[in-house]
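Report on the following structure.
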Amino acid sequence: MNDQAPGEETCGVDELIPDVDEPLTVGQVAALTGLSADTLRWYERVGLLEGVARDASGRRQYMQVDLRRLALLMRLRATGMPVSEMLRYAELARAGAVTDPERRQLLEAHRDRVLNHIADLHRDLDVINRKIAGYRRSQASAVPA
């Protein structure tokens, strides 16, 4: 999955990616990301992560490019993107730059859902804050002077 647009660095995921010069094992990546080794293997099996190198014994060897892809996938999942859309994004990315407009549209639609969710959370938080303020006022008026 090539998640970099032409001329872009790493789509803003660098802060999640350590600078590694040598391959990392599935256990090291699991410790680094907080994902389980089973989840990492599942990401490969279903096609979210593709092309993770193997050593002579068949053990996964994650490179910097794999970590970048994984960081983006983690961000998409954390913001509620369904796995089916993540798979579509990965499929489009594998098809190359010709799919840039479709990938952009997919991400824009997801961004709009995230923004709507944030707006909903802000409304909910406002209700909670008003309730807290009401309790504070009632407790302040109940305290004898």
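Values reported hereafter were calculated over all heavy atoms of this structure, with side chains retained and with hydrogens, waters and symmetry mates removed. What you see is a predicted model, and the numbers here were worked out from it, not measured in a lab.
Between atom CG of residue Leu73 and atom OH of residue Tyr43 there is a gap of 6.0 Å, rounded to the nearest 0.5 Å. Rounding to the nearest 0.5 Å gives a distance of 11.0 Å between CE of Met74 and CG of Leu72. Note: Met81 CE to His110 NE2 = 4.5 Å, rounded to the nearest 0.5 Å. Going from atom CZ of Arg45 over to atom CG of Asp38 covers 8.0 Å, rounded to the nearest 0.5 Å. Going from atom CD of Gln61 over to atom CE of Met63 covers 8.0 Å, rounded to the nearest 0.5 Å. For the atom pair CG (Asn129) and CG (Asp124), the distance works out to 11.0 Å, reported to the nearest 0.5 Å.
Between the side chain of Thr79 and the main chain of Arg75, a donor-acceptor pair closer than 3.5 Å is present. Within the 3.5 Å criterion, the main-chain N or O of Lys131 finds no donor-acceptor partner in the side chain of Arg136.
Every pair passing side chain to side chain donor-acceptor pair (under 3.5 Å) that includes a residue from residues 21-36 is listed here, sequence neighbours excluded: Thr25-Gln28, Ser36-Thr39.
Proximity of Arg54 to Arg59: side-chain heavy atoms (C-beta onward) are nowhere separated by under 4.5 Å. Using a 4.5 Å heavy-atom cutoff, the side chains of Leu70 and Leu35 are in contact.
Val114 belongs to a hydrophobic cluster whose other members, connected by ILVMFWY side-chain contacts under 4.5 Å either directly or through intermediates, are Ile118.
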